[in-house]
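Here's the structure we're looking at; comments come further down.
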Amino acid sequence: MTYAWLDAPATAVADTARQLLGWLAVANGVTIRLTETEAYAGLGEDPASHAHRGRTARNAVMFGPAGHLYLYRIYGLHTCANVTCGPAGQPAAVLLRAGQVVDGVDAARSRRPAAKRDIDLASGPARLVEALGVPLTAYGTSVVDGTGPLTLRPPTEPVPDERVLAGPRVGVTAALDLAWRFSIAGDPTVSAYRRHVPRSRGKELRRTS
DNA sequence: GGACAGATTCTT
DNA sequence: AGAATCTGTCCC
């Protein structure tokens with residue numbers, strides 16, 4: 001399967017993130033409609049991107065062709081999923097931040113016992129990955145040719161522009177001027193915007209103002 | 001080789 | 001507000 005965004009240049013990653021709203025992420029018996037995405041570029045232009053400082057073992061797949069899974073572990077315990085964008089050599093990716101489980105609710109619930117309501121099943125990047133049951137070992141697999149555990153499918157109807165909100169990305173301090181977080185207005189599965197707060201260090205060093 | 005911050009989530 | 005505790009980066 002081929003899609004227009006697979007051939008888009010890395011500089012269009014924000015457009016791709018916007019376009020992927022409403023797409024379906026299918027894996028392990030669960031289907032999730034994407035309601036929140038974020039764009040990340042690389043190499044100098046985007047200080048918040050994992051590819052900003054160059055290629056490492058972790059971000060290597062971002063430097064490859066579009067349409068592959070960039071999975072990474074965060075805070076030592078959670079996994080977040082990105083879809084790579086742009087041609088090989090131009091790192092860029094779209095973070096799948098949240099979605100609504102539209103099929104396989106039982107399977108999703110069994111993987112996410114902490115979720116109290118159905119709208120909490122995939123209302124965050126690590127929650128979404130957990131609900132889909134995608135392991136870190138799926139790193140680098142394709143999301144468009146059916147060979148990997150996760151497949152993206154286009155929506156029957158695209159999300160119209162008037163339903164799309166754009167704003168700064170969640171949890172990042174760099175490049176706050178970029179409105180590279182996209183979400184579907186009013187959707188209950190979209191997480192409320194939270195500015196990043198640094199993890200507390202020694203109490204004696206904490207700022208009081 | 002060590003310190004530290006982070007594209008998070010759950011519990012107190 | 002704190003804990004869990006991996007990965008990359010920066011500084012010695």
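In what follows, every chain begins at residue 1, and chains take the letters A, B, ... in the order their sequences are listed. This one's a predicted model, so the numbers in the text were calculated from it and none came from an experiment.
Consecutive pairing runs in DNA chain C reach the stem threshold at B:1-6 with C:6-11, B:8-11 with C:1-4, where a stem means at least three Watson-Crick or G-U wobble pairs with distances under 3.5 Å.
Listed candidates were C:dA4, B:dA7, B:dT9. Nearest to the side chain of A:Leu95 is B:dA7. When the nucleotides B:dA7, B:dT9, B:dT8 are ranked by their closest atom to the side chain of A:Arg127, B:dT9 comes out on top.
Judged purely by atom type and a 3.5 angstrom limit, A:Arg169 has no side-chain atom pairing as donor or acceptor with the backbone of A:Trp180. With hydrogens and angles ignored, the 3.5 Å screen pairs no side-chain donor or acceptor of A:Ser49 with any backbone N or O of A:Asp46. Counting only distance, with no hydrogens or angles, the side chain of A:His68 and the backbone of A:Gly140 share a donor-acceptor pair below 3.5 Å.
Residue-level contact check: A:Ile74 touches the backbone only, with heavy atoms under 4.0 Å from sugar-phosphate atoms and none from bases.
A donor and an acceptor atom, one from each side chain of A:Ser191 and A:Ser123, are nowhere located under 3.5 Å apart.
Residue A:Arg73 qualifies as enclosed at atom CZ: its count of foreign heavy atoms under 6.0 Å is above 12.
As rounded to whole Å, 6 Å separates atom P of B:dT8 from atom OH of A:Tyr72. To the nearest angstrom, C1' of C:dA3 lies 10 Å from NE2 of A:His78. For the pair A:Leu77 CG and C:dA4 C1', the computed distance is 5 Å after rounding to whole Å. In this structure, CZ of A:Arg169 is placed 10 Å from P of B:dA7, rounded to the nearest angstrom. Whole-Å rounding puts the A:Asn82 CG to B:dT8 C1' distance at 14 Å. Atom CG of A:Leu176 and atom P of B:dA7 are 12 Å apart (whole Å). Residue A:Arg97 contributes atom CZ, which lies 12 Å from atom C1' of B:dT9 at whole-angstrom precision.
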Full working for side-chain contact (heavy atoms from CB on, under 4.5 Å) between A:Arg181 and A:Val190: CA-CA 11 Å; A:Arg181 172 193 182 225; A:Val190 174; 3.6 Å; yes

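Cation-pi geometry between A:Arg58 and A:Tyr70 is not met at under 6.0 angstrom from the ring centre and within 45 degrees of the axis.
Taking the six-membered ring for Trp and the full ring otherwise, A:Tyr40 and A:His50 have centroids separated by 6.0 Å or more.
For A:Pro135 against A:Leu71, the heavy-atom pair with the smallest separation is O-CD1, 3.3 Å.
Listed pair A:Arg73 / C:dT5 fails the phosphate criterion, with no side-chain N or O lying under 4.0 Å from OP1 or OP2.
Using a 4.0 Å cut-off between a side-chain N of Lys or Arg and a carboxylate O of Asp or Glu, A:Asp187 and A:Arg163 do not qualify as a salt bridge. Remark: A:Asp120 engages A:Arg117 in a salt bridge, criterion side-chain N to carboxylate O under 4.0 Å.
For the segment residues 21-43 of chain A, no residue has any heavy atom less than 4.0 angstrom from an atom of DNA chain C. In the region residues 48-67 of chain A, proximity to DNA chain C at under 4.0 angstrom, judged on heavy atoms, holds for A:Arg53, A:Thr56, A:Arg58.
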